[in-house]
Amino acid sequence: QVQLVESGGGLVQAGDSLALSCTASGRSFTGLGMGWFRQAPGKEREIVAATYSGGSTYYTDSVKGRFTISRDDAKNAVYLQMNSLKPEDTAVYYCVAASTVMRSLTNDYDFWGQGTQVTVTP
């Protein structure tokens with residue numbers, strides 16, 4: 001059974017930082033995409049950042065320069081360092097992973113964590 005478990009969410013003030021962690025179990029995701037989505041109340045779920053084989057990364061425009069995604073394949077883990085947080089970053093953050101190369105290339109993730117709440121106050 002594949003499981004992705006997130007940790008590191010919390011309540012912070014604008015300008016603060018948080019570091020999210022996600023550890024996968026049940027299979028290895030080496031060579032496949034892993035990343036983070038988020039969903040705020042009343043808004044659609046959006047991709048925040050992703051990392052792929054070869055060290056390539058993707059960030060949504062709103063977090064570029066503030067967030068950094070990284071991974072440790074030996075630990076089957078992916079991380080998201082979030083700096084200079086803004087109230088608009090408030091959302092449930094989900095760790096995601098892809099089971100195939102095709103899904104990785106299209107950010108069509110089929111494994112999802114339970115989510116961790118990030119709340120940023122003004």
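All residue numbers refer to positions in the sequence shown, counting from 1. All of these numbers come straight from a predicted model, not from anything done at the bench. Heavy atoms only: backbone and side chains are in, while hydrogens, waters and symmetry mates are out.
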J.: Are the side chain of Tyr59 and the backbone of Ile69 linked by a donor-acceptor contact shorter than 3.5 Å?
T.: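 It does hold such a pair.
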J.: Arg66 side chain to Ser84 main-chain N or O, any donor-acceptor pair under 3.5 Å?
T.: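 A pair under 3.5 Å: yes.
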J.: Got a second to check how far Ser25's OG is from Leu4's CG, nearest 0.5 Å?
T.: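 One gets 7.5 Å once the value is rounded to the nearest 0.5 Å.
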J.: Surrounding CD of Gln13 (heavy atoms of other residues, nucleotides or ligands, distance under 6.0 Å), is the total greater than 12?
T.: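 No.
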J.: Could you tell me if the ring centre of Tyr109 sits under 6.0 Å from that of Tyr94?
T.: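 No, the ring of Tyr109 stays outside the 6.0 Å limit from the ring of Tyr94, centre to centre.
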J.: For the backbone of Gly115 and the side chain of Glu6, can you confirm whether one donor and one acceptor N or O come within less than 3.5 Å of each other?
T.: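 Side chain of Glu6 to backbone of Gly115: a pair is present.
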J.: How about CD on Gln114, more than 12 heavy atoms from neighbouring residues, nucleotides or ligands closer than 6.0 Å, or not?
T.: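 Open.
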J.: Donor-acceptor pair, distance only, cut-off 3.5 Å: does the side chain of Asn76 make one with the backbone of Ala24?
T.: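 Answer holds: yes.
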J.: Between Phe29 and Leu105, is there shared hydrophobic-cluster membership here, with clusters defined by ILVMFWY side-chain heavy atoms closer than 4.5 Å?
T.: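 Looking at the clustering, Leu105 is in the same group as Phe29.
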J.: Are Asp89 and Lys86 ion-paired here, with the side-chain N under 4.0 Å from a carboxylate O?
T.: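 Between Lys86 and Asp89 there is no salt bridge, as every charged N stays at least 4.0 Å from the carboxylate O atoms.
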J.: Calculate, to the nearest 0.5 Å, the distance between atoms OG and CZ belonging to Ser53 and Arg71 respectively.
T.: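 Nearest 0.5 Å value for the OG-CZ distance: 7.5 Å.
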J.: Hey, can you tell me if Trp112 and Phe37 have their rings parallel, tilted or perpendicular (30° and 60° cut-offs)?
T.: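 If you compare the ring of Trp112 with that of Phe37, the planes turn out tilted.
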J.: Just verifying a value: how many Å separate Arg38 CZ and Leu80 CG, rounded to the nearest 0.5 Å?
T.: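 Answer rounded to 0.5 Å: 9.0 Å.
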J.: Could you walk me through whether Asn107 and Tyr52 pass side chain to side chain contact (heavy atoms under 4.5 Å, CB included), step by step?
T.: CA-CA 10 Å; Asn107 288 332; Tyr52 316 96; 2.6 Å; yes
J.: Output the distance between atom OG1 (Thr90) and atom CD (Gln117), rounded to the nearest 0.5 Å.
T.: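 One gets 7.0 Å once the value is rounded to the nearest 0.5 Å.
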J.: Nearest 0.5 angstrom please: Thr51 OG1 to Trp36 CH2, how far?
T.: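 The distance works out to 12.5 Å.
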